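Just so it is clear, the structure is predicted and the values come from calculations on it, not from any experiment. Below, chain A is the first sequence line, B the second, and so on; all start at residue 1.
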2 protein chains.
Amino acid sequence: MDRRIKKNQAAIMNALMQLIAEKEFEKITINDIAERADVNRGTVYSHYSDKYDLLDKCIEDQLTHLMESCYSADAKGPFPTKTPLLHTIKEIKQNAPLYKTLLSIKDVSSFRIHLNSMINKQIIEHMNETNLSIDDLSKSIFAQFISSAIVGVIEWWFNQSMPCSAEELTDRLWSLLEMNQLIPLKTN
Amino acid sequence: MDRRIKKNQAAIMNALMQLIAEKEFEKITINDIAERADVNRGTVYSHYSDKYDLLDKCIEDQLTHLMESCYSADAKGPFPTKTPLLHTIKEIKQNAPLYKTLLSIKDVSSFRIHLNSMINKQIIEHMNETNLSIDDLSKSIFAQFISSAIVGVIEWWFNQSMPCSAEELTDRLWSLLEMNQLIPLKTN
DNA sequence: ATTAATCTGTTGAAAAACCAACAAAACCGG
DNA sequence: CCGGTTTTGTTGGTTTTTCAACAGATTAAT
């Protein structure tokens, strides 16, 4: 990809991330973003249709990084061991203010949906790799069941202002996943 | 100035500064610089005729920042009190590896010359502001005398691997300047 | 000494970013 | 509710950057 595009998109996304940490999303103008990114206002529009679109792309980007940083550390597939799950949760905790904001923003195909679909996708992919004799419908339902559960727990954790440590949350979540036989299904 | 120019020049200069701290100037290629700056090679040539020209501009820039950061802190004119002189020397010391390299590079209208002429200019400017009845020749000679002395001492300090603290160097240098009646001449 | 590889500096055409200007929409404060 | 200000999204013309290709110079290795 063209160098300029890569740099400017990075600058713009970064600018929005900074601003989100500073003030309410609705109060942020395209001008603010362009100014912070040190980029012409038109350049923002050339890449994103509006600030909601931009936020959307930011979320996708953020989640991709999150996933990468977590899986690169250890193993493949969605949470084959407890470690990457813990990594993920810790990573989220580290950027808590950001993620909390992202989770709370309305008017957007929100962060929750993105996170859900990303985990969902990972689970389905992994089920397909380990060719099990399960029909597609069952797979879909199972994936949705698990991903919703994980995201829901994380969301709850945030809304309760993280009432337990990342480690404890991971332990308990892990137990539940085990109960659903997610682990034997993954450890190929 | 165009946003792109400003950003790219900054990136390029910054890249060279980094590289200088890492390896010998002669070993640095335009490619290295462009790569580090994340800029097309042609862009480097569009701003600077070659790496010597670039180094030249870097030095000028660096010295301008040095001067600014030192005078903005306290007072006007060249070393009206001891404080800005100490600031200058401390600032230089902080970036010692960089300045040491800059001082040692040949093949360039070198750092020493730049630093000298910059101090020289400052002194003359200040002499003109405090309208003294001194003929131009005397002014020029005096300015050259003092600036050479200061630069020479700093250079010596570097070459001896800074055998005394910045504070002590400043004290001694200040005494010498006093002896040359630089201070009464400056404190307007 | 002769390759091979790299580095230099330049070119031209295409892509991207710049800026200023615009009308329409949305947002205040009185 | 109104009038002034800000924000939005778009436009067109200009400048800059990019990329790929080039020939010549330099460097390193066989």
Just to confirm, is there a sub-4.0 Å distance from OP1 or OP2 of C/dA17 to any side-chain nitrogen or oxygen of B/Arg3? no
So B/Leu66 and B/Tyr99, do their side chains get closer than 4.5 Å, heavy atoms only? yes
Between the base of D/dT15 and the side chain of B/Arg4, is there any donor-acceptor pair under 3.5 Å? yes
What's the closest nucleotide to the A/Tyr45 side chain, out of C/dA17, C/dC18, D/dT8? D/dT8
Hydrogens and angles aside, do B/Ser117 and B/Asn120 bring a side-chain donor and acceptor to less than 3.5 Å of each other? no
Of C/dA17, D/dT8, C/dT8, the nucleotide closest to the side chain of A/Ser46 is C/dA17
Given D/dT8, C/dG9, D/dT17, which nucleotide is nearest the side-chain atoms of B/Thr43? D/dT17
So is B/Lys51 actually on top of B/Phe25's ring, under 6.0 Å and inside 45° of the axis? yes
Starting from C1' on C/dA14, measure out to CG on A/Asp2 and report it in whole angstrom. 10 Å
Respond yes when some side-chain nitrogen or oxygen of B/Asn8 is under 4.0 Å from OP1 or OP2 of D/dT17, and no when none is. yes
Consider only side-chain N and O atoms of B/Asn116 and B/Ser147, and report whether a donor and an acceptor are under 3.5 Å apart. yes
Integer-rounded Å distance: D/dT8 P and A/Glu35 CD: 13 Å
Base, sugar-phosphate, or nothing for B/Asn40, non-hydrogen atoms under 4.0 angstrom? base
